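So the structure is just underneath, and the comments pick up after that.
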Amino acid sequence: MDIKAVFFDLDGTLFTSTRGVASSTRKAIQELRKKGIFIGIATGRGPAFAMPLLEDLDLDFAVTYNGQYIFTPKEVIFDNPLERKTLKKLMTYATQNHSDISLGTAHGVNGSGLLKFGETRIAGFLSGLLPSSTSGVARNSFKHIVRRVLPQNEDLADDEEEAVYQAMMVATKDETSRIQKAFPELLVTRSNPYSVDLIPQGIGKLPGIRRLGEKFNFELNQVMCFGDSENDVSMLTGVGYGIAMGNADSEIQKIATYVTDTNNQDGIAKALAYYGLISYSAEKDFTSKDPNFNKVKEFHRLMDGKTQEIPRAFPPLEASFRAGFKVEEIVEFLYASAQGDKERFSKQVESLHLDIEKAVKKVERKAHKEDMLTGEVDAMVDLLYFTYGSLVLAGVDPYEIFNTVHRANMGKIFPDGRPHFDPVTHKVLKPDDWEEKYAPEERIKKELERQQRVALKKQTK
């Protein structure tokens with residue numbers, strides 16, 4: 001094959017549902033680089049989000065904001081700010097229609113608290129409470145509930161100093177045509193069911209890839225692209241090989257050259273191997289002497305489609321995602337201890353922030369001679385030790401409770417035999433009967449009551 005460049009969409013494609021990059025994908029990228037093939041990303045996200053990925057994965061370039069801002073690690077290739085009159089028109093429209101809006105700059109996204117909220121861990125948790133069959137009306141209600149406690153649109157268009165490359169507006173699919181009619185000068189596209197991206201007509205991921213081809217000497221028919229959403233259509237149909245992920249919308253799969261496996265089941269590596277660009281084989285699983293580890297591994301095999309079999313360090317971005325999961329559990333731990341007292345909970349969170357600041361200073365003062373993998377594993381095992389210590393000090397035997405939580409997590413499989421994921425947050429969704437069959441809280445409560453009864457009987461003997 002005469003493939004000179006490969007491009008990946010991010011959410012739902014390069015990222016797995018746990019917001020990491022599969023080890024098979026990392027190996028595939030390394031093989032492509034050895035063959036002299038250019039590798040890039042094409043995304044609706046901005047350059048501030050994309051730059052760490054270029055560094056982490058050693059990529060050549062990024063088409064961001066759906067083609068509005070294109071760069072390599074060394075230079076900006078193309079940037080096309082929205083006109084100020086268009087921005088003011090957008091802000092007026094958003095205000096009149098009570099629509100949350102954000103504006104994307106080279107340094108990040110500013111504006112709607114709801115759109116910022118949509119990228120947080122808590123939003124993922126709340127979104128996960130909505131079943132996949134939830135109607136647009138229900139999701140709109142969710143949007144309005146959240147908006148009550150979040151800031152709405154700011155007068156962003158008055159900031160003359162920083163260029164704006166893309167606007168993002170909360171809108172259901174039914175609202176798309178109305179927005180397009182109001183802004184014929186803009187292209188209205190989307191990468192999720194909750195919001196639209198607005199950029200000038202004539203711009204998009206495919207024109208962005210074409211620009212890079214002109215600079216780096218490759219034709220569109222020498223390009224392979226991977227995607228899963230509406231804003232990937234132009235590049236999937238306009239290049240030599242458009243690959244749809246197995247988790248892509250059915251409409252996207254219909255227009256693709258080839259449909260591979262999902263983002264959680266080595267879809268990228270399998271497609272590249274199908275076309276002979278890399279070699280791919282699944283590794284043999286190992287079994288730990290720790291039974292709880294094996295249970296969690298079973299969960300990840302079910303949800304991610306595979307497991308990591310060779311020890312490796314988490315790169316910075318993925319490490320941040322994993323830390324975020326742990327922080328959420330710490331906050332839930334504090335909330336439970338506050339027993340509904342909001343003032344007490346607020347003080348505990350403030351104290352947590354101070355503890356983080358002290359920890360940062362302590363870590364920065366310490367000499368670190370260990371390698372990346374050793375340092376990360378040492379910290380993770382210490383976390384395990386502290387967690388067990390907390391259970392010891394609470395007088396709780398975790399064995400049956402762990403089994404209860406494991407059963408609940410393994411119950412997140414739908415009637416089709418597969419896990420389903422929220423299209424925006426990628427959090428694992430729960431089947432309609434999950435609460436009735438698997439919700440762990442009541443079972444945990446009964447087990448704790450049993451342990452208390454047994455302990456009290458022992459004390460009275």
Side-chain angles (χ1 to χ4, degrees), residues 9-22 24-25 117-143 146 172-174 190-195 226-232 243-254 256 259-268 270-271 295-307 321-322 324-325 328 405-441:
D9 171 53
L10 292 184
D11 299 293
T13 302
L14 186 69
F15 288 153
T16 65
S17 294
T18 50
R19 295 294 179 92
V21 178
S24 63
T25 301
F117 179 79
E119 295 188 358
T120 65
R121 287 275 296 137
I122 297 175
F125 170 74
L126 293 176
S127 180
L129 297 179
L130 298 175
S132 58
S133 59
T134 301
S135 68
V137 173
R139 291 190 181 278
N140 259 348
S141 299
F142 166 71
K143 176 183 72 176
V146 174
T172 64
K173 289 186 177 181
D174 294 338
R190 65 172 68 238
S191 57
N192 63 71
Y194 305 129
S195 65
F226 290 76
D228 71 310
S229 300
E230 179 185 310
N231 67 341
D232 299 319
I243 313 301
M245 305 302 292
N247 51 286
D249 299 335
S250 57
E251 295 82 3
I252 306 301
Q253 295 190 17
K254 289 176 183 177
V259 179
T260 187
D261 215 328
T262 70
N263 59 328
N264 291 324
Q265 295 172 309
D266 297 348
I268 287 176
K270 289 176 181 177
K295 289 171 185 174
V296 177
K297 187 173 183 179
E298 181 185 5
F299 170 76
H300 277 277
R301 183 184 295 110
L302 185 66
M303 296 299 161
D304 300 339
K306 69 180 297 295
T307 54
F321 286 140
R322 300 308 305 175
F325 300 152
E328 182 177 319
V405 172
H406 177 62
R407 283 194 294 270
N409 285 332
M410 296 297 286
K412 296 175 184 177
I413 292 296
F414 281 69
D416 61 4
R418 303 179 69 176
H420 291 188
F421 300 92
D422 185 278
V424 177
T425 64
H426 301 288
K427 185 176 180 65
V428 179
L429 296 175
K430 300 170 183 174
D432 292 337
D433 61 353
W434 186 88
E435 288 290 336
E436 179 183 354
K437 290 183 176 180
Y438 298 105
E441 289 81 8

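Keep in mind that this is a model prediction, so the values were computed, not measured. Residue numbers count from 1 along this sequence.
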Practice item. Let me see the working for Asn263 and Ser17 under side chain to side chain contact (heavy atoms under 4.5 Å, CB included), right down to the final yes or no. Key: CA-CA 7 Å; Asn263 59 328; Ser17 294; 4.0 Å; yes
Here the gap from Arg407 atom CZ to Lys437 atom NZ, rounded to the nearest 0.5 Å, amounts to 14.5 Å
With no hydrogens and no angle check, is any side-chain donor or acceptor of Gln253 less than 3.5 Å from a backbone partner on Ala244? no
Those residues at least two apart in sequence (or on a different chain) that pass side-chain hydrogen bond (donor to acceptor under 3.5 Å, both in side chains) with Glu298 are His406
Sequence neighbours excluded, the answer for side-chain hydrogen bond (donor to acceptor under 3.5 Å, both in side chains) partners of Lys254 is none
In this structure, CZ of Arg301 is separated from OG1 of Thr307 (nearest 0.5 Å) by 5.0 Å
_Walk me through whether Ile268 and Leu14 qualify under side chain to side chain contact (heavy atoms under 4.5 Å, CB included)._
CA-CA 8 Å; Ile268 287 176; Leu14 186 69; 4.1 Å; yes
Can Phe421 and Val428 be said to form a side chain to side chain contact (heavy atoms under 4.5 Å, CB included), step by step? CA-CA 5 Å; Phe421 300 92; Val428 179; 3.5 Å; yes
Rounded to the nearest 0.5 angstrom, the NZ-CD1 distance for Lys430 and Ile413 is 14.0 Å
Practice problem: State, yes or no, whether a side-chain contact exists between Thr262 and Met245 at a heavy-atom distance under 4.5 Å. | Solution: no
Only one of Thr25, Asp9, Leu10 passes side-chain contact (heavy atoms from CB on, under 4.5 Å) with Phe15, and that residue is Leu10
Rounded to the nearest 0.5 angstrom, the OH-CG distance for Tyr438 and Asn409 is 12.0 Å
On a heavy-atom basis, the closest approach of Trp434 and Ala408 is NE1-O, 2.8 Å
Q) His420 vs Phe414 aromatic rings, parallel, tilted or perpendicular, using cut-offs 30° and 60°? A) parallel
As a quick check of understanding, evaluate side chain to side chain contact (heavy atoms under 4.5 Å, CB included) for Met303 and Lys412, giving each step before the final call. CA-CA 9 Å; Met303 296 299 161; Lys412 296 175 184 177; 3.9 Å; yes
Taken to the nearest 0.5 Å, the spacing of Thr13 OG1 from Ile243 CD1 works out to 11.5 Å
